[in-house]
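Computed over heavy atoms, backbone and side chain alike; hydrogens, waters and symmetry mates excluded.
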Amino acid sequence: MNLAVREGLLSFRRAPTLSALSVTTIAFSLFAFGLFGLVALNLRQALDQVGDRVEIRGFIADGTAPEAMSVAVEDIQQFPEVAGVTLVTQAQALERARRELGEFEDVFEPGLLPASIEVRLGEGARSPAAVRAVATRLAAYDFIDDIRYGEEWVAKLYRLRTIATAVGLALGLTFALVSMIIIGSTIRMAVLARAKEIQIMRLVGATDGFIRAPFLIEGGVKGLLGGVVALALTGATYLAIGRFVVQAAFFGPLLAIAGILAGGALGVLASAIAVGRHLREVR
Amino acid sequence: MIRFTRVAKTYASGLPAIEDVSFHLTRGEFAFLTGPSGAGKSTVLKLCYVEERPSGGEVRLLGQSSVLLTARKIPTLRRRLGIVFQDFRLLPDRTAAENVAFALEVTGASAATIGPKVLRVLDKVGLKAKADSRPHELSGGEQQRVAIARALVNDPLLILADEPTGNLDERSTRGVFDLLQQINAGGTTVLMATHDLQLVRASGLRTLEMQRGRLVFDSGAGRAGTPAAGTEELA
Ligand SMILES: Nc1ncnc2c1ncn2[C@@H]1O[C@H](COP(=O)(O)OP(=O)(O)O)[C@@H](O)[C@H]1O
Ligand SMILES: [Mg+2]
């Protein structure tokens, strides 16, 4: 194993330019991935914040007994899709309107605005279908006069998120594939450069595992290094954007480490494929 | 040690390379495998060290049958063989000692045991003084001795040599052949492919002659089991 580590790291001395090149290309692939990840992360957070405001409002008929209202509020609170319910009385509605639209203060008279029930939905229940389902159940109370919810708006929001996730996955997989091809071909070059050595190793009875190990280490180290460089580049870009454009969120430490490890895993996997192919071809 | 039973080999691309080859080599023997180029000598040796698998028949080697041998067992088998080629197959960027040590390192030998073993076999092939030379600083004969040292370092039961003197002048050929006989005298079985008929005739050793993929003559066919005559006089 010691020998494998030594051999694996020796490639950096044997072929420094090629090694630097492969680390750089891996880094740029992962960097692109990181940038997209950052966009996705921020988009997601933004969507979540907007999503917190997804609500359904049911207007309550005049003259409804306050007891009936509070029973209804407690009922609705029990819906699995519902995150929170607020009862807005006529007085509160008036006060809110006055506060928000101060210049029209005199226009509002007591009793002009109806009382309402505002329902906020849980994170898993913001799809158009879920919103419609809750709205329908809300409308079933006879003292509810009218229901309002941004059906179109909810659908649009939801579609945006679906697209963002799909594009993210597609791009992520593409980038992962690209970096694997790059690592794979650099390892393949290293394998071919050492074909004679491998041939002799086999003749004197080295196992395939033993032959493979240095290349897996080489690929893994290159992947990890690429991951670190990519994280640094992503971090630098994030700081620059934060300074000049807009304050955004960055990956947490767990995600950052996962990203670096993903680089290592890609490297190991790509090497395994490249060496395995060679070992099969020359048996 | 080696038993071929009606062995045939057809490569993916074409006609049979060898057909219906049967012979038996016992422990301690020295045998030549002769025949013109393309006769199938290398193929027989490749079947021995399992670079190729027979298309028909059975190859038995060191108690293992080609029929049952799984790929996982090949490395273990090869550690008990020493293989020598016409083109030496040394690593150009390593010294003689490093080339020999390589065979031990890649089989997972401990670092402490490698040094003394390498010196011992280099001494045996008469190259102790050139332990630190790289292949390009050595003559062809010396390079082949390094290769033989590498083949010996795992204490093989059997040496397979594919035209080991094919690239050497007469004097080096003599030296390498004498060395192989000396190794054989120590109890190691040797199967050596060559088309140097002069060498074969002068030695009086067991000869397996191939032509167009068939074994056409085996001087030891009747007396397989006894080490070939002549070993002592040339050792
Ligand atoms: N890897 C291979 N693929 C296809 N044909 C081969 C291969 N190796 C050898 N042959 C053929 O098998 C025959 C025997 O070759 P070989 O065993 O190398 O003979 P020799 O060593 O006696 O010169 C030749 O006709 C050769 O062309
Ligand atoms: Mg040949």
Side-chain angles (χ1 to χ4, degrees), chain A residues 1-20 186-221 268 271-283, chain B residues 12 45-46 48-53 62 70-85 87-94 98-112 114 118 121 135 146-162:
Chain A
M1 217 53 210
N2 213 347
L3 183 79
V5 173
R6 188 148 45 85
E7 285 290 321
L9 298 180
L10 211 59
S11 75
F12 289 88
R13 185 129 46 92
R14 281 205 189 108
T17 320
L18 199 62
S19 299
T186 56
I187 294 289
R188 186 154 173 78
M189 275 189 259
V191 169
L192 290 178
R194 294 180 59 197
K196 189 169 177 181
E197 220 164 299
I198 291 174
Q199 183 193 37
I200 294 168
M201 287 168 97
R202 278 190 143 167
L203 286 173
V204 298
T207 59
D208 282 0
F210 188 94
I211 295 170
R212 215 177 269 133
F215 294 105
L216 299 193
I217 290 170
E218 181 182 337
V221 169
V268 170
S271 306
I273 293 171
V275 188
R277 202 170 120 201
H278 179 77
L279 291 182
R280 265 194 315 282
E281 277 170 6
V282 299
R283 176 168 293 286
Chain B
L45 292 177
K46 282 177 186 168
C48 289
Y49 59 82
V50 212
E51 178 158 321
E52 297 292 347
R53 300 282 199 152
L62 307 177
T70 56
R72 293 184 65 88
K73 288 195 203 146
I74 295 173
T76 327
L77 182 68
R78 287 190 184 158
R79 287 174 201 191
R80 293 151 74 199
L81 304 175
I83 313 172
V84 181
F85 296 94
D87 58 359
F88 320 134
R89 305 212 183 163
L90 299 175
L91 294 169
D93 55 344
R94 296 181 200 229
E98 287 167 351
N99 264 286
V100 175
F102 189 65
L104 288 171
E105 284 166 4
V106 302
T107 50
S110 74
I114 291 177
V118 169
V121 288
V146 175
I148 292 171
R150 182 180 62 196
L152 280 179
V153 78
N154 273 314
D155 295 318
L157 298 168
L158 171 65
I159 297 258
L160 299 166
D162 195 351

Show me the donor-acceptor pairs within less than 3.5 Å that the side chains of residues 99-106 of chain B make with the rest of the protein, sequence neighbours left out.
unit_1	atom_1	unit_2	atom_2	d
B:Asn99	OD1	B:Leu91	N	2.7
B:Asn99	ND2	B:Leu91	O	3.1
B:Asn99	ND2	B:Arg94	O	3.1
B:Asn99	ND2	B:Thr95	O	3.2

(message) Does any backbone or side-chain atom of B:Arg150 lie under 4.5 Å from a heavy atom of chain A? Answer side chain, backbone, both or neither.
(response)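 It is the side chain, since no backbone atom gets that close.
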(request) Name the region of B:Leu77, side chain, backbone, both or neither, that has any atom closer than 4.5 Å to a heavy atom of chain A. (result)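 Neither part.
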Heavy atoms, side chains only, cut-off 4.5 Å: are [X] and [Y] in contact?
X        : Y        : answer
B:Glu51  : A:Leu203 : yes
A:Asp208 : B:Arg72  : no
B:Thr107 : A:Phe210 : no

(message) Ignoring hydrogens, what is the shortest heavy-atom contact between B:Pro75 and A:Gly205? Give both atom names and the distance.
(response)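 For B:Pro75 and A:Gly205, the tightest heavy-atom pair comes out as CB-O, 3.4 Å.
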(request) Mind listing the closest non-hydrogen atom pair of B:Arg89 and A:Lys196 along with its distance? (result)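 Closest approach of B:Arg89 to A:Lys196, heavy atoms only: CA-CE, 4.1 Å.
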(message) Rounded at 0.5 Å granularity, tell me how far CZ in B:Phe85 sits from CD1 in A:Ile200.
(response)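 Going from CZ on B:Phe85 over to CD1 on A:Ile200, the span is 9.0 Å.
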(request) Output the distance between atom OH (B:Tyr49) and atom CZ (A:Arg202), rounded to the nearest 0.5 Å. (result)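 These two atoms lie 12.5 Å from each other.
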(message) I need the residue from B:Leu90, B:Val153, B:Thr76 with the largest number of non-hydrogen atom pairs under 4.5 Å to chain A.
(response)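 Ranked by heavy-atom pairs under 4.5 Å with chain A, first place is B:Leu90.
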Would you give me the side-chain donor-acceptor pairs under 3.5 Å for residues 154-162 of chain B, sequence neighbours excluded?
unit_1	atom_1	unit_2	atom_2	d
B:Asp162	OD1	B:Ser42	OG	3.4
B:Asp162	OD2	B:Ser42	OG	2.7

